[in-house]
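A short write-up of the structure that comes next.
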Amino acid sequence: MPKKIEELSDFEKNLVYDQQREEGLYVLSIYKDTELYYEYKLKPEVLVSKGWKIFYSIAQDLIDNSNVHKLDAVTVGTYVSGQSEKFQDLYNSFGGYQEIADGMDMVEESNIETYYNNIQKYQVLRILYKKGFPIESQWKNLKSMPLEELNDYFTNVINNAFIDTDSQNEKVGDIFRGMDEMIESANLGKEAGLPLKSKLMEDIQHGLRLGNITMLAAHSGVGKSFLTTLIHVQSCIENKEPVLIIANEEDRSKWQQELLVRFINTKHKNAYFNKNRFFDGNFSDKEMEYLKEASDWYKTNIEENTIRFVSMESFSMAKTIRLIKKYATMYDIKYFVLDTLKLDNDTGSHVSDKSWLVMQQNMVRLYNVIKESSLNVHVWVTAQLSKGGRNSRYLDQSQLGVSKNIIDVASSVMLVRDITQSEKDPEAKASERLTVHNAAGYEVELQPEEDYVIIFWDKNRQGTTNEQVVLKVNRGLNTFTDVGTCRLDRALV
């Protein structure tokens, strides 16, 4: 049972009063301008004031379920009159709509971001205080810190408790020191990094080394998440390497479906279980048997929390970095997936002419956190190619458009497109056909009825950028096959 207010220490009472004050300003701002609700939505249980929690729950219900755009006295009064007598008495005991009307005259709704962040700040401080953190003794320093700065402060406190911070400092020394140890480490394969699932791609990429960013970019619909699942996440599963997937486009169930379908069609070559079946439903007994087998295999063979997943409601590089710091330091995760890199759209970000510069700076911030001299982890980032280069045969960083400078800190950049019908048509002009050779050096004839993708390396610190890899893909069955390599002329457009 939570303590009653009179049972709290004077310091904790003040934290509660401070949070209640911010809650009032926040709720009144929502009543004054309901559009703010969509950008600054909070869960009702975050609020500690019973009165403001009731007023907020009324606003939430009317906006979410009745599509109300103006919370006036008549609208709110009609809603309250339709509730239980107990609810009406409680509503009136906190002043009813008059309390709201009086408050709206005094509140400045343009400051809602401050109120929103302060509510969360005081909630965090109360939780930390209850857990024994020295909030009261450090109050002089903490009280003026905004929420994000507070997060960084306590992240550093935790990091310093578990990490030898001296090893984080920049040190000057002889470049040849430790050279023999480095050779032995490389000999044992410790420098290789996690391999890619595609042998052809791995022969060019040479692993996902820690301390680096690998980028996979493609146009919408080509299959960035599809390839990420099969090429990278599947390698994590097979090598029992923990990974955190940070997604902002597709939810957990979509990723679960990708993995289930991959398992079924890889193990049962003639199953032909298409992931579109998840949309149709009404599975046959045989399909349910396949799905049960796949689900049981993952739950039995993959240790819990090997593949962690979080879905962002709105993308923010600050949130992404906080997640990476937390899971790298507290859970020793070395591999992360960010699907998909976007412009920040968190509450503190606004799109402007400088947005692409901010995106580039965000990539620098990300790299500074994950590089070898810092956390020393790997991040796989997916990105969208610009619409303007959709018909280009040769892909390079120019296809990223105005955001092309985001690749500056990446160690490897892979760009993917579908192979066109003319490129796999044996009767097309020689200049249009794609010449592909398999690992043994023999030319491979592409089948017009099959789907293929071609992968370009615009940047590769660990290997070549002159060769491209061709994969045969089936996006419905979630499978791919290595086909061969080719060398396209950069002059092609």
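Along the sequence shown, the residues carry numbers beginning at 1.
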Give me the atom names and distance for the closest heavy-atom approach of [X] to [Y].
X: Ser411; Y: Gln462; result: OG-OE1, 4.2 Å
X: Asn466; Y: Thr464; result: N-OG1, 3.0 Å
X: Thr114; Y: Glu22; result: O-OE1, 4.4 Å
X: Tyr331; Y: Arg308; result: CD2-NH2, 3.5 Å
X: Thr306; Y: Glu241; result: CG2-O, 4.0 Å

Measure the CG-CD distance between Asn151 and Gln120 for me, rounded to the nearest 0.5 Å.
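Reported to 0.5 Å precision, the distance equals 11.0 Å.
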What is the distance from atom CG of Asp408 to atom NZ of Lys459, rounded to the nearest 0.5 Å?
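Spacing of CG (Asp408) from NZ (Lys459) equals 6.0 Å.
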With a 4.0 Å cut-off, would you call [X] and [Y] a salt bridge?
X: Asp251; Y: Lys254; answer: no
X: Glu287; Y: Arg277; answer: yes
X: Lys53; Y: Glu45; answer: no
X: Glu149; Y: Lys121; answer: no
X: Glu249; Y: Lys342; answer: yes

Apply salt bridge (charged side-chain N to carboxylate O under 4.0 Å, His left out) to the pair Arg393 and Glu432, showing each step before the final yes or no.
CA-CA 10 Å; Arg393 289 191 67 192; Glu432 295 179 358; over 6 Å; no
Verify, without hydrogens or angle tests, whether [X] (side chain) and [Y] (backbone) share a donor-acceptor contact under 3.5 angstrom.
X: Tyr298; Y: Leu259; value: yes
X: Glu258; Y: Leu230; value: no
X: Asn265; Y: Val261; value: yes

Between Phe456 and Tyr394, ring centroids under 6.0 Å
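Ring centres of Tyr394 and Phe456 closer than 6.0 Å.
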Centroid separation Tyr335 to Trp380 less than 6.0 Å:
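Not under 6.0 Å, so no.
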Hydrogens and angles aside, do [X] and [Y] bring a side-chain donor and acceptor to less than 3.5 Å of each other?
X: Asp332; Y: Tyr327; value: no
X: His268; Y: Glu293; value: yes
X: Ser225; Y: Asp339; value: yes

Apply side chain to side chain contact (heavy atoms under 4.5 Å, CB included) to Glu372 and Leu210, showing your working.
CA-CA 7 Å; Glu372 185 176 3; Leu210 299 181; over 6 Å; no
Criterion salt bridge (charged side-chain N to carboxylate O under 4.0 Å, His left out) on Lys424 and Glu450, from CA distance to verdict
CA-CA 9 Å; Lys424 54 187 177 181; Glu450 300 286 359; over 6 Å; no
Passes side chain to side chain contact (heavy atoms under 4.5 Å, CB included), Ser29 versus Asn111? Steps please.
CA-CA 8 Å; Ser29 298; Asn111 293 328; over 6 Å; no
Criterion ring pair (Phe, Tyr, Trp, His ring centres under 6.0 Å) against Tyr26, the qualifying member of Tyr122, Tyr56, Tyr40:
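Single ring pair (Phe, Tyr, Trp, His ring centres under 6.0 Å) partner of Tyr26 among Tyr122, Tyr56, Tyr40: Tyr56.
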Does Arg475 count as lying over the ring of Phe480, i.e. NZ or CZ under 6.0 Å from the six-ring centre, within 45 degrees of the axis?
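No, Arg475 and Phe480 do not form such a contact.
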Answer yes or no for Lys286 and Tyr290: cation-pi contact, defined as NZ/CZ to six-membered ring centre under 6.0 Å and angle to ring axis within 45°.
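Because its charged atom sits under 6.0 Å from the ring centre and within 45° of the axis, Lys286 does stack over Tyr290.
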Using 30° and 60° as the class limits, which term best fits the ring planes of Trp297 and Phe263: parallel, tilted or perpendicular?
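It falls in the tilted class, 30° to 60°.
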